[in-house]
Structures are given as structure tokens and as C-alpha cells.
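Report on the following structure.
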Amino acid sequence: MNLIKELTWRGMLQDIMPGTEEQLNKEMTTAYVGFDPTADSLHIGSLVPILLLVHLQKAGHKPIALVGGATGMVGDPSGKSEERNMLSEEELNKNIIGVRSQLEKFLNFDATLPNAAELTNNYDWFKGISFLDFIRDAGKHITVNYMMAKDSVKKRLEGDSGMSFTEFTYQLVQGYDFYWLYKNKNCKLQMGGSDQWGNIVTGTELIRRKTGGEAFAFTCPLIKKADGGKFGKTEKGNIWLDANKTTPYQFYQFWLNASDSDAATWIKIFTFLPETEINSLIVTHDANPADRILQKKLAEELTKFVHGENELEKAKETTEKLFSNAKASVDSLSVEDLASIEGIVKTNYSAEKIKAGVDILSFLAENSIFESKGAARKMLQNGGVSINREKITDLQMMVDKNNLLHNKFILIQVGKKNNFLIAVE
RNA sequence: GGGCAGUUACCAGAGUGGCCAAAUGGGGCGGACUGUAAAUCCGCUGUCUUUCGACUUCGGUGGUUCGAAUCCACCACUGCCCA
């Protein structure tokens, strides 16, 4: 399989350095992608770089995932309009462990393979390099003029928040990573998001000047929504790959909610389905967009990829229960149905209080569905709250045992998509 | 070290003594329409609260004033220029 051709039709190729394809065709090539340990889990924004590594390995090359323990301490100015806050070392270490364990799920680390994946942490080599060593070894080979010409730097110089020396140095630090991997692991290729292009090129430049060797690079486009919105953010923040932070159900829902135009682009990027299959899916989808064939397939494939078959099934079941009969009365949900709903917010509530009756505002606030009664009131007035699928507009309403489903549950919806299940016992 | 400009809510950005919880735009949330899309339209968006009202906000601390985001002093931070 030709990696470059594969990535091209999938729309995963933005910039590519001349000679990269030849290099890949010539021999098994080692390539790396860097991941930022800014949080203890990766989110779906990191999914594309991960997929680059997976595709690379599938094509018979050797992937290295680099966790930026050192670079994380510096802070990448790319795409940032302001100086970043520094993470404490402790936080950083926690994050590195989290990120590392996730990457392990997606790549094949079987050491018997010639192209087994590898994980590295650039802190391992940076910790032994002194500042003086660094500015002599790396700094001497790259001019400030060169570094200033980078987009990430230029933007910050033109802006009005300035840039610290620390962040200015970032590209050199990242460049040194590439050089180090080139020298020690025969890594000749770096991949990443297109915002990384500048940093990556500094690396190839450093390699060329220090060793006279040749290194290559390509980047993938940054994923955007068709309406220009930020990808991967919802009202609840990032979509994480960690099931504890974003449940598989929420994860599944995120993809299911993709717009038509996004779904067609995303299914190529985020799934491994072959071109012919995707094309026919698109045709089917266009014939009847309301069925959302693309969204469903996208959501299925990805949830399976990230969380596994089991979790996918559960996510689909929950979706089925909460949405497919949304118009039907709640009575159609059995005790088992309700008890086994997974992935949504569940809370317990005291049976005594229900027996006595609670006013709706207190009830919503006490169950942390809203932060305060005031917030609950506003939402109620906006017509955004349903109890057991019936829209509530009466602010005085009392919640009591008549509202219990199967004597035990209360199903609350805020908006169309936010479901809460209260178990009363 | 010197000079100049600035710091307002999630972001951008108006407001330069009372009509300011603070314009406007973006973002976010909710509603209508739909397909759990997109586009469009409508509402909400400091906190708490029985929509009364109370409380806390305009970098920080003090002050002037009946009254301060607005005036004064000092401090902090940021940017630009000079050394």
C-alpha cells in the first residue's frame, strides 16, 4: 500500500516535503509524531496524528510516538496568540503517563515486528543536556533570522502580547528532537498537524546543517467544522479519548451529530474504510440525508476504534433508548431499559423527599442538573426542560411519587440531547 | 533606568462622575423549523433569589465625592520606543 496515495485521497495530506514519497517507497522508514502532554488524556484533536501513525504502520513503516515531556515544559507558540501558562512538573508527569497509556492502545508495540511501534519521551534526552550544550550544539546552527521568519513567531511579534524567550526557543527544542531521533533511531520523517510545519522544518534544517543528512516531513490539515467552528469542542468542553472523561455514549453522540458536509470529510479521515465503500456510502447518504448513514457509520467505526466493540454496543443501545422512540411515551421504557442506560449522568435521590414532594426548582438544583435554582428557572422559562419526556413550563410544579417511572426513576432532559437519569431510593 | 500607550465579563471591544450588571459583535446555552444536520428566526448569557430584590464585578490597594469602570495617588502587569 502506498502511504502517500492513501493519505491523499483521504484528504489527510496538507504539506509534503519533496522526496518524502520516494523515501517511503525506498525502504522501511521510521517516522514520528509528537504529542503534547497538556492534559492527562488525549482528545479527538490528537486523533488525526494518531491515525497518521496507524496508517504509517499499516503501510509497513515504523512509527514512533513522542510524548513531549521536555517540550511540554516550554510551550508551543504555534496557533497561540498568548504566552502559555507553564505546567508544573508534577502535573506534566501525570499527563505523560495518561497520554502514554492511551497511545499504547492504538499502535502495535509487538517487539517481534520489524516495524514495532515505539514510545519515547523527549525529556529522557533533554534532561541530560545543559543550556550551554544546547545553545552550542543546536543554537549555533540556526539563525535567529530563520526562526523569526516562522509564522508562529511572526504572528506573535506583530500581535500585542509579545513572546517570551522560552516560547521563541520552542521550535529549536522540537527541532532538536527530530535531530536526536534521526541520529539515534534512524528516524527520517516527521508528521504532524499543519500548524507544526514550521517547527518540523526547523528540525529537518537542523539535521541537514549538523549532519548533512536528509530528513522528510509531511503534515495533515487541521480539522475544522464546515461552519468554521472549532472541532472537537462541545458545551461540555473537549471530547476526550478517556472513557472516564467522555463516556463512550457521549463520544458516539459527538460523531453522530456531525453535519452532513463534515461527515463526508470526516469519514475519510477518521475511519479505515476503503475508498469504494466510502464513496458508495456517500451516494447512499445523498439519496436520503435524513437517514444519516454517514454519521452513523462514522460514529460506529470510531467508537469501536477508540473504545472497543462492547462499548460501542452499549452506546448504541443507550442512543436507541433515548432517541429512537423519543416521541413515544416513557412507558415504552422498561425497568431494565432504564437501569441499563449507560453513559449519561446518573444520580440518586432520596425517596423520602420525593414522597413529601419537592418543588421542581429545588429538585433540579439538588440533583446538580443546574447549578442553582436561578439557572433552573431560566432554563424552565426557556422551555428547555423535560421530565419523563414531557416539557415542563410550570415553575411551581411539585415533583412527587406520581412522577416516578416504575416507582424508581425520573428521566430528565435538558435540551434535546442532555439526558439525566435520577434513581430514587 | 527614561518616555509613551494600555489593563473592562468566555473572547473581541464600547463606555471617561449618577440613566452601568456595563453598548455591540462573536462564542456558548435554550426554543421554533428539521433529520439528535446545516441555514434562518426568537430568547437567555455576573452570582444568588419567590421575575420583588439582594450581593459581587471593570488589573490591585488606598483616596476624593452624597455617588467612581469613569477623577487622584501608589503599586503590579503588558506592549511599543529610547538607553
Side-chain angles (χ1 to χ4, degrees), chain A residues 79-85 155-165 167-168 224-239 249-267 281-282 284-300 303 315-328 341 343-344 358-366 369-387 389-398 411-420:
Chain A
K80 310 267 185 335
S81 60
E82 272 177 27
E83 185 84 9
R84 281 203 335 193
N85 293 327
K155 279 199 184 117
R156 287 283 288 276
L157 292 178
E158 284 161 7
D160 54 8
S161 65
M163 176 183 222
S164 68
F165 178 70
E167 286 194 11
F168 177 61
K224 272 210 178 149
K225 294 205 286 184
D227 61 12
K230 273 204 189 108
F231 168 76
K233 302 256 183 178
T234 65
E235 65 274 20
K236 287 170 199 75
N238 277 320
I239 302 289
Y249 163 75
Q250 290 164 335
F251 186 86
Y252 178 83
Q253 283 286 320
F254 172 80
W255 298 103
L256 193 64
N257 279 306
S259 68
D260 289 351
S261 48
D262 286 336
T265 324
W266 292 356
I267 199 164
L281 279 170
I282 291 178
T284 317
H285 180 271
D286 286 346
N288 188 2
D291 280 350
R292 292 177 298 148
I293 303 277
L294 281 175
Q295 283 90 335
K296 283 179 187 161
K297 192 74 184 170
L298 175 68
E300 274 173 29
T303 310
K316 281 171 74 173
E317 269 174 45
T318 301
T319 296
E320 179 87 2
K321 287 171 195 165
L322 293 176
F323 288 99
S324 70
N325 305 313
K327 297 266 154 56
I341 285 177
I344 66 170
V358 200
D359 69 278
I360 180 77
L361 293 176
S362 308
F363 181 73
L364 291 172
E366 283 172 26
I369 291 169
F370 293 101
E371 287 185 6
S372 67
K373 290 196 202 173
R377 170 194 317 283
K378 278 174 190 157
M379 191 56 80
L380 233 36
Q381 281 169 336
N382 267 318
V385 180
S386 297
I387 290 190
R389 291 203 178 141
E390 283 192 34
K391 192 163 278 189
I392 305 298
T393 45
D394 178 13
L395 294 178
Q396 319 299 334
M397 177 187 161
M398 297 300 283
L411 184 64
I412 296 182
Q413 286 163 281
V414 177
K416 278 181 200 143
K417 300 171 195 170
N418 306 302
N419 292 279
F420 300 85

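Keep in mind that the numbers below use all heavy atoms, side chains included, and drop hydrogens, waters and symmetry copies. None of the values given here were measured: they were computed from a predicted structure. Protein chains get the first letters and strands the later ones, always in sequence-line order, with residue 1 at the start of each.
- Spacing of C1' atoms, U8(B) relative to G25(B), comes out at 16 Å, to the nearest Å.
- Under the side-chain contact (heavy atoms from CB on, under 4.5 Å) criterion, Asp394(A) pairs with Gln396(A), Met397(A), sequence neighbours left out.
- For the atom pair Leu395(A) CG and Ile360(A) CD1, the distance stands at 9.0 Å (nearest 0.5 Å).
- Ala365(A) meets the side-chain contact (heavy atoms from CB on, under 4.5 Å) test with Lys373(A); sequence neighbours excluded.
- When the C1' atom is compared between A9(B) and C58(B), the two are found 8 Å apart, to the nearest whole Å.
- What separates NZ of Lys416(A) from P of U36(B) is a distance of 8 Å, to the nearest Å.
- No hydrogens or angles were tested; on distance alone, nothing pairs the side chain of Asp291(A) with the base of G35(B) as donor and acceptor under 3.5 Å.
- Atoms NZ and CG, on Lys416(A) and Leu322(A) in that order, are 15.0 Å from each other to the nearest 0.5 Å.
- Counting any heavy atom pair closer than 4.0 Å across all strands shown, Ser261(A) reaches no nucleic acid atom.
- The distance from the CG atom of Asn418(A) to the CD atom of Gln253(A) is 10.0 Å, given to the nearest 0.5 Å.
- Under the Watson-Crick or G-U wobble criterion, with both distances below 3.5 Å, C19(B) has no partner in any strand shown.
- Place Gly384(A) and Thr319(A) on RNA chain B by their nearest nucleotides, and Gly384(A) ends up nearer the 5' end.
- Applying the Watson-Crick and G-U wobble criteria (two distances, each under 3.5 Å), A68(B) pairs with nothing in any strand.
- Under the Watson-Crick and G-U wobble criteria, each requiring two contacts below 3.5 Å, nucleotide C4(B) is paired to G79(B).
- When each of Asn257(A), Asp262(A), Asp260(A) is tested with Gln295(A) by the rule side-chain hydrogen bond (donor to acceptor under 3.5 Å, both in side chains), just one qualifies, namely Asp260(A).
- Remark: Lys296(A) pairs with no residue by the salt bridge (Lys or Arg N to Asp or Glu O under 4.0 Å) rule, at least two apart or across chains.
- Distances shown here put every side-chain N or O of Lys225(A) at or beyond 4.0 Å from the OP1 or OP2 atom of G27(B).
- Nucleotides C66(B) and C82(B) are separated by 47 Å at their P atoms, to the nearest Å.
- By the side-chain contact (heavy atoms from CB on, under 4.5 Å) test, Glu390(A) is found to be paired with no residue, residues two or more places apart in sequence or in another chain being considered.
- One can place CH2 of Trp255(A) at 25 Å from P of G35(B), the figure rounded to the nearest angstrom.
- When the P atom is compared between G30(B) and A23(B), the two are found 23 Å apart, to the nearest whole Å.
- Put simply, CZ on Phe323(A) is 13 Å from C1' on A37(B), counting in whole angstrom units.
- Going from atom CG of Leu380(A) over to atom P of G30(B) covers 14 Å, rounded to whole Å.
- Whole-Å rounding puts the Phe370(A) CZ to C29(B) C1' distance at 10 Å.
- Comparing C19(B) with A68(B), their C1' atoms sit 15 Å apart, to the nearest whole Å.
- Of all nucleotides present, only G31(B) satisfies the Watson-Crick or G-U wobble test against C41(B), with each distance under 3.5 Å.
- When heavy atoms are screened at a 4.0 angstrom cut-off, Lys296(A) is found touching no nucleic acid atom at all.
- Proximity of Asn418(A) to the phosphate of U36(B): no side-chain N or O atom is located under 4.0 Å from OP1 or OP2.
- To the nearest angstrom, C1' of U36(B) lies 15 Å from CG of Asp262(A).
- At the heavy-atom level, Ala263(A) lies nowhere under 4.0 Å from the strands shown.
- Under the ring pair (Phe, Tyr, Trp, His ring centres under 6.0 Å) criterion, Phe363(A) pairs with Tyr349(A), not counting sequence neighbours.
- Heavy atoms of Gln396(A) sit nowhere under 4.0 angstrom from any nucleic acid atom.
- Pairing partner, A73(B): U61(B), with both Watson-Crick or wobble hydrogen-bond distances short of 3.5 Å.
- Both Leu256(A) and Met379(A) sit near RNA chain B, but only Met379(A) has its closest nucleotide nearer the 5' end.
- Distance noted for atom P between U34(B) and G18(B): 49 Å (whole Å).
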Subject >> Base versus backbone protein contacts along nucleotides 39-55 of chain B [heavy-atom cut-off under 4.0 Å; B, S, -] >> reply: S---BS---SBSS----
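- Between the C1' atoms of G15(B) and A21(B), the separation comes to 13 Å (whole Å).
- The shortest distance between the side-chain N/O atoms of Lys316(A) and the OP1/OP2 oxygens of U36(B) is not below 4.0 Å.
- Regarding Asn288(A), its CG atom lies at a distance of 16 Å from the P atom of A37(B), rounded to whole Å.
- Going from atom CG of Leu298(A) over to atom P of A37(B) covers 16 Å, rounded to whole Å.
- A distance of 4.5 Å separates CD1 in Ile412(A) from CD1 in Ile387(A), rounded to the nearest 0.5 Å.
- If you take atom C1' in A69(B) and the same atom in G13(B), they sit 14 Å apart, rounded to whole Å.
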